[in-house]
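Down below is the structure, laid out as structure tokens.
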2 protein chains.
Amino acid sequence: MDDSLRERKKRQTRQALAAAALRLFTEQGYERTTVAQIAAAADVSVRTLFNHFPTKDDVLFGNDEHAAEIPVRVIAGRRPRESVSALLVRAYEEMLADNRVNGLGTDTAVLAGYVRLVTTVPALQARALRSNHQLQRRMAYALVEVAPELDLVGAAAMIGAVAGAAQAAAFMSMELGQSDRQFWAALRRGVETAVRGAAHPPRR
Amino acid sequence: MDDSLRERKKRQTRQALAAAALRLFTEQGYERTTVAQIAAAADVSVRTLFNHFPTKDDVLFGNDEHAAEIPVRVIAGRRPRESVSALLVRAYEEMLADNRVNGLGTDTAVLAGYVRLVTTVPALQARALRSNHQLQRRMAYALVEVAPELDLVGAAAMIGAVAGAAQAAAFMSMELGQSDRQFWAALRRGVETAVRGAAHPPRR
DNA sequence: CTGCAATCTTGCACATCATGCAACTTCTGG
DNA sequence: CCAGAAGTTGCATGATGTGCAAGATTGCAG
């Protein structure tokens with residue numbers, strides 16, 4: 001990493017903006033928070049905010065692109081004789097493990113607020129769904145590299161099934177106001193359902 | 001239907017706006033088209049456009065809510081002894097069949113342009129993904145009504161797997177520039193993959 | 001230390017989307 | 001024909017986002 005004064009200040013500003021945004025969004029709602037307020041809270045001009053983040057919601061999402069690397073790397077590093085479905089499960093497991101550790105610090109309440117925002121606010125929901133879609137796309141390209149028997153459409157279908165099931169289960173869990181524990185369990189259950197196939201209904 | 005002069009004019013204006021929007025979006029791109037241009041092309045004021053549609057992208061999407069009813073109704077009308085997976089397949093089949101007939105008239109070129117816009121333009125992509133997510137949510141609630149052995153999270157997982165696989169396969173097909181025929185085939189292949197399960201790789 | 005170049009920050013003008021409000025027009029039903 | 005309902009319009013206003021140029025800060029070579 002570049003540890004020059006410039007780079008440090010830059011990261012500081014970015015971080016201050018992201019923190020201020022998360023705080024204001026959770027305190028008073030996404031729509032009722034203006035970029036001017038975020039900039040003021042981080043003590044920079046509005047124009048500087050837009051120098052760091054292209055849009056308002058990027059202030060919230062912009063730091064997440066790190067997590068998206070994990071499942072792609074896991075797929076690229078497929079182990080010898082590892083089945084495709086096991087590989088996909090592992091990709092998700094490792095991403096979830098990292099999210100719990102790295103997401104936003106280890107503060108559960110902050111993470112919960114973040115998840116609540118994303119699953120609640122239409123604009124953020126749309127943005128998150130799109131990010132997830134882009135991630136799936138990259139995973140599909142990575143998968144065909146290590147699974148030559150699959151074409152891109154087939155790879156996309158398999159990944160889409162796993163990701164779609166996990167996503168839907170997680171959102172539903174959140175909508176039902178379930179606990180943290182149940183939320184992560186729902187995610188895993190979604191992955192499992194997709195791997196087993198919709199034709200094989202879950203055991204009791 | 002109310003066939004008063006008022007209602008007819010209202011529908012006319014709506015239709016004119018939607019048509020103008022689709023034409024302008026495909027001709028010159030979504031971002032480079034302003035709401036003022038759309039309103040002018042439909043011969044109404046900008047304010048009237050926003051009376052009919054809450055946002056710019058609703059001018060394109062606003063008429064689609066009809067198609068979303070179909071899979072929910074299919075699920076609600078589950079046949080005796082029909083398996084859940086067969087039911088989900090049928091829900092998607094019937095929606096696709098309707099889309100081909102009803103989508104935007106039967107003009108293939110127009111439909112292709114529409115699909116191209118939705119899969120290409122970030123803002124529209126996000127919006128479409130969100131719509132799809134909402135649809136899945138409603139399907140899950142419908143499913144637990146007719147499949148009492150499932151809870152909401154399990155139902156969401158199954159539907160998410162099918163919808164996610166179909167969506168991912170379709171987007172990938174579009175990204176690869178495949179033909180109409182291949183696009184619909186990819187959709188079906190996605191559904192099939194999800195039903196069979198990611199653990200059971202596709203046969204040759 | 002000095003000066004120059006690269007980079008970051010800022011203010012300002014401007015385009016666009018979106019909303020509230022009030023006046024005006026058109027349609028409906030009696 | 002008339003009174004009220006519904007639709008249309010212009011205007012003011014607020015918010016997001018971009019281009020540009022001037023100013024401040026940092027990095028680096030001499």
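The analysis underlying the following values was restricted to heavy atoms, covering all of them including side chains, and did not include hydrogens, waters or symmetry mates. Below, chain A is the first sequence line, B the second, and so on; all start at residue 1.
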Using rotation axes that map the C1' atoms of four end pairs onto the next four (five pairs an end), what angle separates the end axes of the helix from C:dC1-D:dG30 to C:dG30-D:dC1, to 10°? 10°

Is B:Lys56 salt-bridged to B:Glu31, cutoff N-O under 4.0 Å? no

Atom CZ of B:Phe50 and atom C1' of D:dA15: how far apart are they, to the nearest Å? 13 Å

How many angstroms lie between CE in A:Met139 and CD in A:Gln134, if you round to the nearest 0.5 Å? 13.5 Å

Provide, to the nearest angstrom, the distance between the CG atom belonging to A:Asp57 and the C1' atom belonging to D:dA15. 14 Å

Within the pair A:Thr34 and D:dA15, is there a side-chain N or O less than 4.0 Å away from OP1 or OP2? no

Would you compute the distance between atom CZ of B:Arg79 and atom CZ of B:Arg90 and round it to the nearest 0.5 angstrom? 3.5 Å

Is there a side chain to side chain donor-acceptor pair (under 3.5 Å) between A:Gln178 and A:Ser173? Walk through the geometry before answering. CA-CA 6 Å; A:Gln178 296 188 344; A:Ser173 172; 2.8 Å; yes

Which value, rounded to the nearest 0.5 Å, describes the distance between B:Asn51 atom CG and B:Ser45 atom OG? 7.5 Å

Can you tell whether the side chains of B:Asp151 and A:Arg189 come within less than 4.0 Å, N to carboxylate O? yes

Taking any atom under 4.0 angstrom from a heavy atom of chain A, which nucleotides of DNA chain C are the first and last to qualify, 5' to 3'? C:dA6 to C:dC12

Between B:Arg73 and B:Glu94, is there a salt bridge with N-O shorter than 4.0 Å? no

Between B:Leu17 (CG) and D:dT9 (C1'), how many Å, whole number? 14 Å

Is a donor-acceptor pair below 3.5 Å formed from side chain A:Arg47 to base D:dG17, judging by atom type as modelled? no

Ion pair A:Arg188/A:Glu192, N-O distance below 4.0 Å: no

Taking NZ from A:Lys56 and P from D:dG17, how many angstroms apart are they, rounded to a whole number? 8 Å

Restricting to non-hydrogen atoms, name the atom on B:Leu117 and the atom on B:Leu124 that form the minimum distance, rounded to 0.1 Å. O-CD1, 4.0 Å

Closest heavy-atom pair and its distance - A:Arg32, A:Gln37: O-OE1, 3.4 Å

Name the pairs: protein N/O against N/O of nucleotides 2-8 of chain D, kept only if under 3.5 Å.
unit_1: D:dA5; atom_1: N3; unit_2: B:Arg6; atom_2: NH2; d: 2.9
unit_1: D:dA6; atom_1: O4'; unit_2: B:Arg6; atom_2: NH1; d: 3.1
unit_1: D:dG7; atom_1: OP1; unit_2: B:Lys10; atom_2: NZ; d: 3.1
unit_1: D:dT8; atom_1: OP2; unit_2: B:His52; atom_2: NE2; d: 3.2

So do the side chains of B:Arg137 and A:Phe171 get within less than 4.5 Å of each other, counting heavy atoms only? no

In whole Å, I'd like the distance from the CD atom of A:Gln37 to the C1' atom of D:dT16. 14 Å

